[in-house]
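Below is one structure, written out as structure tokens; the observations come after it.
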Amino acid sequence: MFEIWHLPFMQRALLAGLLMALLAGYYGPFVVQRGLSFLGSGLAHGAFGGVALGLFLGVEPLWIAVPFTALVAIGITWAREKTSISGDTAVGIFFAFSMALGIVFLSLKREYTSEAFSYLFGSILAVNGADLWASAVVLGLTLLMLPFWGRWTYATFDRELAQADKVPVMLDDYLLAFMVSLVVVVAMKLVGLLLVAAFLVIPAAAARQWSRTFAGMVLGAVLAGVASVVIGLQLSMQLNIPSGAAIVLLQTLLFVLAALIFRRS
Amino acid sequence: MNTADQEAAAIELRGLTVCFGEHCALEDVSLTVPHGAFVAIVGPNGAGKSTLIKTILGLVKPSRGEVRVFSKPPEKLDPSLIGYVPQFKTLDRSFPALAEELVASGLRRAWPVRISRSERRRVGEALARVGAEHLARRSVSRFSGGELQRVYLARAFVRNPKLVILDEPATGIDVMGEADMYRLLEGYQKSSGATLLMITHDWEAAYHHSTHVIVLNRRLIGFGEPQRALSEKCLRQAFGHVGHEHTLSLTFGRRGSV
Ligand SMILES: Nc1ncnc2c1ncn2[C@@H]1O[C@H](COP(=O)(O)OP(=O)(O)OP(=O)(O)O)[C@@H](O)[C@H]1O
Ligand SMILES: [Mg+2]
């Protein structure tokens with residue numbers, strides 16, 4: 001039953017999945033508590049434009065999707081802060097734009113359409129060395145920014161108080177949106193663009209059910225992510241179903257259980 | 001005004017004007033608040049009271065004029081000198097937070113991962129000062145309005161601020177609590193020599209507890225000791241209409257002639 005873990009591609013997938021669980025568990029609580037759940041799925045769709053452009057140009061899609069998605073993240077944040085439209089409207093506009101762009105690129109070069117599908121649904125086999133390196137770099141950046149956790153959390157709790165204490169809340173909005181865009185892109189191969197947002201939202205939402213502190217919620221989200229990755233990959237291999245779908249179904253199950261067990265009296 | 005007064009100033013406003021697009025919330029406000037004053041700010045809804053203190057905090061930029069807090073422009077000031085309680089809490093009610101974490105954020109100017117023993121002691125003292133020590137380990141998300149207000153007060157005082165800025169601090173606090181709160185504010189002002197700025201709709205409280213009163217309605221209507229600033233003339237000018245006649249007579253009737 002456990003011999004599948006000896007396969008090199010399974011080890012790669014496991015490593016990628018664990019890195020993702022760590023990253024998504026760290027940023028997910030910010031996404032959830034800042035009411036940005038829709039941002040995650042918007043950025044994933046935004047990444048599709050980058051992937052399609054990469055396929056069209058014939059370069060590794062990851063290298064195009066990273067800057068492309070980061071720009072979308074910055075654009076959404078800018079529109080939220082500098083115009084009178086609300087956050088989800090901004091997301092709605094930007095992701096539709098980059099999806100449309102992606103569809104145009106793909107239609108120009110039809111032979112890559114099947115490869116594009118693997119980005120939409122994710123696959124274990126698709127994870128390569130570049131993806132692992134990219135995840136490791138994002139983790140490294142996250143570690144460098146670990147000292148910002150306190151002020152990010154502060155501003156997430158009460159923005160005006162943080163502002164009065166001279167926390168650069170605007171800069172932090174951009175920084176967080178940028179980091180979330182990186183997490184989305186490095187996670188897309190394994191989970192698929194259609195489901196990657198779930199990774200940011202569901203473990204954090206599940207952890208919220210039993211956490212009384214934000215630090216506890218982050219820890220809980222990481223643990224929920226790790227558990228769902230390990231079990232999800234195993235199931236994915238045994239039942240021959242896509243890895244992303246297996247992981248997300250498990251996360252949803254976890255959320256429902258947590259909601260039932262810890263529901264408000 | 002001589003130089004000694006200048007040096008003694010905690011807050012100086014010179015020709016302060018704040019506009020949001022076409023609409024100006026404050027026009028040409030000039031005043032000097034001395035160190036150690038307990039200032040009450042009164043004025044009708046929309047008078048620009050919250051805007052005034054947000055400008056002092058550096059949250060709102062002046063359109064014209066100058067603001068000096070301890071001789072510095074607000075953006076250069078060390079924020080740990082100020083304890084602030086906002087009127088409308090922008091807090092996220094679904095956020096998992098304990099009261100002691102919120103108070104500790106006042107010490108660190110960041111959210112604590114975990115609270116050290118010395119921090120916990122100071123947090124406990126601050127909560128005790130506002131009669132909320134029993135709330136320390138409880139979740140902020142379930143607090144009643146008055147409980148939350150007390151925790152925000154503790155958060156403002158935990159850093160021993162030189163300047164305390166309170167936007168309608170009595171909101172939601174019960175009658176006994178209100179008396180305790182004014183005792184706390186006066187006690188803190190006397191023992192620490194800090195300067196207090198408090199927005200209130202309660203003229204009686206302003207009259208009895210403050211050393212100075214600002215009467216505001218976009219422009220500065222009156223500023224000075226309570227007896228002078230809370231004169232019938234100033235209040236009429238600030239609150240205007242005949243509809244307020246009854247309130248004015250009630251207030252002045254109870255207190256006798258001012
Ligand atoms: N960020 C803003 N953008 C646009 N207009 C604003 C902004 N902040 C305040 N105003 C306007 O400025 C005016 C003064 O508002 P402010 O909040 O200072 O009043 P206030 O005296 O505190 O009133 P209240 O007693 O109701 O709290 C109001 O007309 C308000 O609509
Ligand atoms: Mg106000």
Side-chain angles (χ1 to χ4, degrees), chain A residues 26 28-37 84 87 145-173 176 201 203-222 258-259 262-265, chain B residues 21 50 53-61 69 74-115 137-142 148 151-152 155-156 159 161 163 165 167:
Chain A
Y26 184 76
F30 290 110
V31 171
V32 167
Q33 292 305 142
R34 286 175 174 235
L36 294 175
S37 299
S84 52
M145 287 191 238
L146 220 48
F148 294 164
W149 186 89
R151 66 181 219 210
W152 286 352
T153 308
Y154 194 21
T156 304
F157 175 72
D158 188 332
R159 192 175 172 86
E160 201 190 30
L161 286 185
Q163 236 170 339
D165 271 345
K166 299 209 162 49
V167 170
V169 291
M170 208 97 106
L171 175 74
D172 285 357
D173 287 347
L176 263 173
V201 175
R208 175 66 190 93
Q209 310 296 317
W210 66 75
S211 307
R212 294 185 71 221
T213 70
F214 192 74
M217 181 174 168
V218 172
L219 192 68
V222 169
F262 298 97
R263 70 174 178 272
R264 293 185 172 200
S265 42
Chain B
S50 295
I53 60 168
K54 283 183 189 171
T55 316
I56 292 168
L57 284 159
L59 292 171
V60 170
K61 297 265 163 293
V69 183
E75 64 273 12
K76 297 254 169 64
L77 193 72
D78 173 6
S80 51
L81 294 175
I82 303 179
Y84 171 47
V85 178
Q87 176 181 16
F88 300 108
K89 317 287 182 280
T90 49
L91 88 158
D92 168 9
R93 277 277 189 172
S94 73
F95 187 98
L98 302 176
E100 62 177 11
E101 290 182 300
L102 174 53
V103 178
S105 77
L107 282 175
R108 293 204 190 176
R109 297 200 284 125
W111 202 259
V113 184
R114 43 183 298 280
I115 301 172
R137 299 283 302 163
R138 278 182 48 192
S139 288
V140 170
S141 60
R142 309 285 181 84
L148 192 65
V151 176
Y152 267 74
R155 198 201 81 96
R159 54 173 68 158
L163 174 62
I165 298 183
D167 200 339

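Order of the sequence lines fixes the chain letters, A, B, ..., with proteins taken first and strands second; residue numbering starts at 1 for each chain.
Put simply, of B/Leu102, B/Asp78, B/Ile82, the one with the most heavy-atom pairs under 4.5 Å next to chain A is B/Leu102. Among the candidates A/Met217, A/Lys166, A/Arg151, the residue making the largest number of heavy-atom pairs closer than 4.5 Å to chain B is A/Lys166. For chain A, the option among B/Leu57, B/Val140, B/Val113 with the highest count of heavy-atom pairs below 4.5 Å is B/Val113.
Taking the six-membered ring where the residue is Trp, the centroids of A/Phe214 and A/Tyr154 are separated by 6.0 Å or more.
Counting only heavy atoms from C-beta outward, the side chains of B/Tyr84 and B/Pro79 never approach each other to under 4.5 Å.
With a 4.5 angstrom heavy-atom cutoff, B/Leu98 touches chain A via backbone and side-chain atoms both. With a threshold of 4.5 angstrom between heavy atoms, B/Val85 does not approach chain A through any atom at all. Contact of B/Arg155 with chain A is made through the side chain alone, with heavy-atom distances under 4.5 Å. Contact annotation for A/Trp149: only side-chain heavy atoms (C-beta onward) come within less than 4.5 Å of a heavy atom of chain B. B/Ile165 does not touch chain A: none of its heavy atoms, backbone or side chain, sits under 4.5 Å away.
Residues forming a salt bridge (charged side-chain N to carboxylate O under 4.0 Å, His left out) with B/Asp167 (at least two apart in sequence, or on another chain): none. Considering only residues two or more places apart in sequence or on other chains, A/Arg212 meets the salt bridge (charged side-chain N to carboxylate O under 4.0 Å, His left out) condition with none of them.
A/Gln33 and A/Thr156 form no side-chain donor-acceptor contact under 3.5 Å, judged by distance and modelled atom types alone.
Using cut-offs of 30° and 60° for the angle between ring planes, the A/Phe262 and A/Trp210 rings count as tilted.
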